[in-house]
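First up is the structure itself, then whatever we jot down about it.
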Amino acid sequence: MRKLLLILLDGVPYANSRRLFGNLEGWVQSGEARVWRMRSVLPSTSGACYASIHTGTPPQVHGIVGNAVRRRLDLPDVFSEVVRAGGVTGAVTHSFWSEFFNRYPFDPVRDIEYDEPGGPITHGRFHTMTGDSSYNQMTPSDADLFATLTRLCEVKGIDYGLLHTCTLDSMGHRYFHDCEEMDDACYRMDEMLAGFLPRWRRAGYDVVVTADHGQDARGHHGGAGEAQQEFAFYYFGDAVMPEASVMLDQLALAPSILRRMGVGVPLSMKAEAFMKG
Ligand SMILES: [Zn+2]
């Protein structure tokens, strides 16, 4: 089974990635990485996007129409299929992911950290952002999240790992995008990520760095259009990929990950995988 890490930076519009992530762009320039545009499902709301990213089905099928709608989904997803194929999965994410893909509701003591050999999330490390507001984001340091994922790679031997962080989405809702605060937040995220990414590559992982949706100039998303729906998709690996000008479909991410890892794609994932080989 090929190994892959999906790094999901919540709420980063396309222009921010291409303008402010100097390390990722440097690796595109040097040939280590390739970059595309990807378009989110509608609504371009976080919960709806998480469910679509991992099940490969649209909100009109999985039914997560907003962040207030949460339950354990009864569709196959990337975690369930990797485990079914004998792989080990890891998640370092917001608690919504544990609810959608393992169990609902999230019990902060039982579920903040678990190691469950049967999966579907074999090794889960979560945070809830309880109490978050415009005054206090309640997001963990991304360096700590990256370190935790690295530990799951090196100590637990995960085959598939998902890291999801809301730092930049919260910054966008709070400060919008044309400001020093966002310049600095993206700069720091890029530098922290760059401290870990070569180590993941040396350990044999393909790495995808992308977002769940964009944000418009007022920090909004949920609706349609380029700013809210489109984001950058960086890929470190040697899979055969579409031309750089092709707009990637968020619904094709789950079957692409499974196909790249050598795991069977369930019938519920109807979009054609864009990663080949
Ligand atoms: Zn989001």
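Just so you know, ligand 1 is whichever comes first in the structure, and atom 1 is the first atom listed for that ligand.
The name of the N, O or S atom in D212 nearest to the Zn ion (ligand 1) is OD2. H213 has its closest N, O or S atom to the Zn ion (ligand 1) at the position named NE2.
Listed by chain and residue number, nothing satisfies the side-chain hydrogen bond (donor to acceptor under 3.5 Å, both in side chains) test with K156 (two or more places apart in sequence, or in another chain). For the side-chain hydrogen bond (donor to acceptor under 3.5 Å, both in side chains) test, residues two or more places apart in sequence or in another chain that qualify with T57 are T55.
Here the angle centred on the Zn ion (ligand 1), running from OD1 of D10 over to OG of S46, is 130°, rounded to 10°.
Distance OG/S95 to CZ/F100: 9.5 Å, rounded to 0.5 Å.
F236 has its ring centre no less than 6.0 Å from the ring centre of Y205.
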